[in-house]
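In what follows, a structure is listed as structure tokens, so that the remarks can point back to it.
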There are 2 protein chains.
Amino acid sequence: MRRMTARPANAHQARLLRLLRDDGPNSRAQLGDRVDLSRSKLAVEVERLLETGLVVADGLAASRGGRRSHNIRLAPALRFLGVDIGATSIDVAVTNAELEVLGHINQPMDVREGPVAVFEQVLSMAAKLKASGLAEGFDGAGIGVPGPVRFPEGVPVAPPIMPGWDGFPVREALSQDLGCPVMVDNDVNLMAMGEQHAGVARTVGDFLCVKIGTGIGCGIVVGGEVYRGTTGSAGDIGHIQAVPDGRPCACGNRGCLEAHFSGAALARDAEEAARQGLSQELAARLETAGSLSAVDVAAAAVAGDATALDLIREGGNRTGQVIAGLVSFFNPGLVVIGGGVTGLGHTLLAAIRTQVYRQSLPLATGNLPIVLGELGPTAGVIGAARLISDHLFSPA
Amino acid sequence: MRRMTARPANAHQARLLRLLRDDGPNSRAQLGDRVDLSRSKLAVEVERLLETGLVVADGLAASRGGRRSHNIRLAPALRFLGVDIGATSIDVAVTNAELEVLGHINQPMDVREGPVAVFEQVLSMAAKLKASGLAEGFDGAGIGVPGPVRFPEGVPVAPPIMPGWDGFPVREALSQDLGCPVMVDNDVNLMAMGEQHAGVARTVGDFLCVKIGTGIGCGIVVGGEVYRGTTGSAGDIGHIQAVPDGRPCACGNRGCLEAHFSGAALARDAEEAARQGLSQELAARLETAGSLSAVDVAAAAVAGDATALDLIREGGNRTGQVIAGLVSFFNPGLVVIGGGVTGLGHTLLAAIRTQVYRQSLPLATGNLPIVLGELGPTAGVIGAARLISDHLFSPA
DNA sequence: TCTACTTTCTCCACTCACAGGACAAAGAGA
DNA sequence: TCTCTTTGTCCTGTGAGTGGAGAAAGTAGA
């Protein structure tokens with residue numbers, strides 16, 4: 001099957017495509033109410049979109065007291081690929097043009113294996129999704145990588161946890177292999193876009209999205225748009241100093257937030273506590289599994305283990321202190337907490353909230369919700385699909 | 001004389017007005033090169049602007065090898081009033097339409113006297129500038145106040161250092177008294193706009209402007225636009241925790257940056273050092289003046305006083321640590337340091353730079369200039385004039 | 001079943017913004 | 001005086017877009 005070749009010819013068409021993506025199928029009349037165009041002009045643009053095949057008119061909607069309207073929807077055969085490359089695993093999903101996830105698979109993988117090995121696996125995962133009949137091909141793909149990206153070119157730059165990726169032309173290479181347009185961004189930014197599109201941040205213009213996984217990062221959304229900074233490293237909060245003269249960090253400094261709290265730090269602390277005999281619960285899990293992860297700590301906490309709860313609380317306090325500073329500075333309308341350690345749940349959230357509400361000024365926190373992400377691991381892949389669809393649904 | 005009544009009728013006219021403001025007088029041909037309009041269309045819009053009196057054609061420019069061009073410039077009688085209300089003094093300036101400062105006066109005043117007393121003084125200062133023949137009236141005024149502002153309404157909200165100002169309708173009241181349009185903003189944002197318009201930040205899209213005066217604040221510019229946050233308190237970095245369990249702050253917390261370094265904190269520390277006999281230099285000044293200010297510390301530092309230098313260095317270190325965090329988070333293209341303590345000069349700047357370059361990641365700091373503001377006390381008033389001109393030079 | 005009223009969609013004529021070229025005005029240089 | 005350049009003006013063609021008339025297709029009540 002031939003994939004999407006056309007692009008919207010003007011801003012009106014782009015606007016209509018995004019409207020159909022975000023609000024689903026609609027009649028011409030309803031579209032007209034939203035885009036501030038005369039019905040005649042709108043009809044012309046819809047007609048052109050129908051000609052290109054980007055949208056289809058399928059059937060009539062129920063009458064609302066008059067002539068029944070034609071349902072206009074995005075071409076049902078359109079498929080986007082959303083790829084979220086984490087430090088230790090890969091998520092790949094197919095979506096339709098409305099960014100609904102049709103299929104989603106996750107496989108363990110260490111980014112440090114390098115781009116070649118990683119993309120080999122990504123391609124095989126994409127092939128698996130195709131083979132299952134969810135897609136005959138992809139019209140575009142969004143890729144998230146766990147490090148800073150030179151966004152326009154889609155190339156990782158100086159990624160600390162991704163040796164071997166520096167300067168690798170991700171966008172170009174994948175675009176060739178997949179045979180479709182590709183956009184690349186930081187995984188944290190994609191999580192923010194995902195929560196904005198389909199999660200807790202749907203109605204908020206300015207918000208922060210803190211992702212605590214193997215590392216810690218923060219997606220920044222200003223006026224509905226992801227802010228990436230001058231060199232693409234905005235939101236890199238893992239190396240903000242959280243503890244003066246604290247633990248040594250891989251970056252060469254001491255006391256970085258990431259050194260004191262993150263998936264990796266938590267696992268290490270838990271193992272140490274287990275070895276020191278501070279927690280039978282954790283010790284038992286260490287015995288069984290040979291090593292511990294954030295998931296084990298979460299399970300121990302649910303079981304009521306005091307040491308696990310303490311570790312989570314302390315980490316939450318550290319994180320909360322840093323977030324409190326960011327809240328004072330940025331004055332967001334919402335703070336979303338997500339990433340692998342979301343499993344730590346309410347204990348973590350409570351610690352963060354306590355610190356932020358105590359340390360930031362009332363004017364900034366008065367009406368500030370601090371919540372867990374709603375989408376879990378699908379936030380990243382939905383954000384990835386949204387990234388490429390934003391690109392494709394913009395004037396050529 | 002009748003003041004400016006007309007406003008640009010469309011986006012083209014607004015664009016042209018801003019171009020004439022920022023780049024000075026220009027011929028039609030040169031304007032045409034910059035605005036991507038055909039010469040015919042441009043001629044029409046210029047003609048309309050001439051009719052409204054917003055711009056004038058005065059004389060012919062020198063030939064560049066062909067027919068001489070008409071000089072198009074903003075109406076020379078246009079006058080903007082820039083007002084910068086600080087914690088302890090007021091700056092008022094008149095500018096022409098190109099935002100060149102024609103007259104500038106400064107008078108001491110304590111904001112805590114309340115809005116009525118303050119604006120009485122502002123009006124008398126404005127009258128003095130008028131009386132000196134610099135203006136026959138004002139076409140617009142920009143006002144900066146040292147606290148958060150609900151921007152669209154021009155009303156201060158919950159200002160910590162301005163009791164009595166909460167909810168006072170600054171914009172409305174001054175607009176009546178001055179008989180011209182008024183816009184109100186945080187003084188820090190205006191400083192950022194000033195440095196952006198005529199200072200060190202002319203070519204930078206994303207930057208931070210840290211103002212260290214009686215308090216500490218930070219102007220945030222994203223894509224050339226001031227970012228104000230959800231409730232208008234963005235950039236309020238004075239109450240970020242700089243020292244765990246540090247000094248008590250007026251806000252009720254401990255260890256706030258502002259409690260450890262700001263004009264007020266520095267003066268207090270210097271007085272204490274003088275009383276403890278740690279510095280003869282400072283003691284002598286305290287003896288003479290009865291109290292110390294940041295200016296005294298600066299003078300002592302210039303004289304080589306070790307205690308004064310230590311105070312500045314330590315304050316710079318604290319500030320630098322906080323800025324380092326903001327740099328990691330925001331990844332700006334430039335950091336401007338300004339405000340009253342700019343007099344502390346290179347010692348302060350060196351301490352801040354050391355901390356930032358040491359603590360932030362190379363990708364964010366690699367190409368990051370950290371510099372002192374170029375405009376000193378005029379940054380605020382120029383920013384204020386720019387605020388109102390941006391408002392007036394936008395489609396009605 | 002007929003009539004009155006809605007809603008949706010299409011068609012057409014008119015307006016307006018704008019581009020682009022022809023041309024006039026005004027100067028420089030040979 | 002002639003040619004070339006630059007600036008500014010005028011005029012016409014084109015395409016975008018509006019707004020209204022009216023056809024198409026429905027509901028609800030008599």
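Values reported hereafter were calculated over all heavy atoms of this structure, with side chains retained and with hydrogens, waters and symmetry mates removed. Model, not experiment: these values are computed from the prediction.
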Subject >> Spacing of B/Arg64 atom CZ relative to D/dC4 atom C1', expressed in whole Å >> reply: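 It is 16 Å, rounded to the nearest whole Å.
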Table of protein N/O atoms under 3.5 Å from nucleotides 24-26 of chain D N/O atoms:
| residue | atom | partner | partner atom | Å |
| --- | --- | --- | --- | --- |
| D/dA24 | N3 | A/Arg67 | NH1 | 3.4 |
| D/dA25 | N3 | A/Arg67 | N | 3.3 |

Subject >> A/Arg34: partners by side chain to side chain donor-acceptor pair (under 3.5 Å), with sequence neighbours left out >> reply: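 Listed in chain order: A/Asp23.
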**OP:** Using side chain to side chain donor-acceptor pair (under 3.5 Å) as the criterion, list what pairs up with A/Glu195, not counting sequence neighbours.
**Re:**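 For A/Glu195, no residue satisfies side chain to side chain donor-acceptor pair (under 3.5 Å) once neighbours in sequence are set aside.
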Original post:
Listed by chain and number, what are the salt bridge (charged side-chain N to carboxylate O under 4.0 Å, His left out) partners of A/Glu172, not counting sequence neighbours?
Top reply: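 Checked A/Glu172 against salt bridge (charged side-chain N to carboxylate O under 4.0 Å, His left out); zero matches.
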**OP:** Output all residues satisfying salt bridge (charged side-chain N to carboxylate O under 4.0 Å, His left out) with A/Arg386, sequence neighbours left out; order by chain, then residue number.
**Re:**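 Partners of A/Arg386 under the salt bridge (charged side-chain N to carboxylate O under 4.0 Å, His left out) test: A/Asp390.
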Original post:
Below 4.5 Å, heavy atoms only, C-beta onward: do A/Ile382 and A/Thr95 meet side chain to side chain?
Top reply: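 Result no, sub-4.5 Å side-chain heavy-atom pair not found.
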Subject >> Annotated protein contacts, base or backbone, on nucleotides 11-23 of chain C with a non-hydrogen cut-off under 4.0 Å, one of B, S, - each >> reply: BB-----SBB---
**OP:** Mind checking side chain to side chain contact (heavy atoms under 4.5 Å, CB included) for B/Asn186 and listing every partner two or more places apart, or none if nothing turns up?
**Re:**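 Applying side chain to side chain contact (heavy atoms under 4.5 Å, CB included) to B/Asn186 gives B/Val188, B/Asn189.
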**OP:** Output all residues satisfying side chain to side chain contact (heavy atoms under 4.5 Å, CB included) with A/Val44, sequence neighbours left out; order by chain, then residue number.
**Re:**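 Applying side chain to side chain contact (heavy atoms under 4.5 Å, CB included) to A/Val44 gives A/Arg48.
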Subject >> Those residues that, when tested against A/Tyr227, pass ring pair (Phe, Tyr, Trp, His ring centres under 6.0 Å) (two or more places apart) >> reply: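 Once residues adjacent in sequence are excluded, the partners of A/Tyr227 under the ring pair (Phe, Tyr, Trp, His ring centres under 6.0 Å) criterion are B/Phe330.
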Subject >> Listed partners of B/Phe138 passing ring pair (Phe, Tyr, Trp, His ring centres under 6.0 Å), at least two apart >> reply: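 B/Phe138 satisfies ring pair (Phe, Tyr, Trp, His ring centres under 6.0 Å) with no residue once adjacent residues are dropped.
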Subject >> Close residues, residues 22-32 of chain A, relative to DNA chain C [heavy-atom separation under 4.0 Å] >> reply: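 A/Arg28, A/Ala29 - these, ordered by number, are the residues of the stretch whose heavy atoms sit under 4.0 Å from the strand.
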Original post:
Tell me, which pairs form a salt bridge (charged side-chain N to carboxylate O under 4.0 Å, His left out) where one or both residues lie in residues 61-70 of chain A, sequence neighbours left out?
Top reply: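 Not a single pair qualifies under salt bridge (charged side-chain N to carboxylate O under 4.0 Å, His left out).
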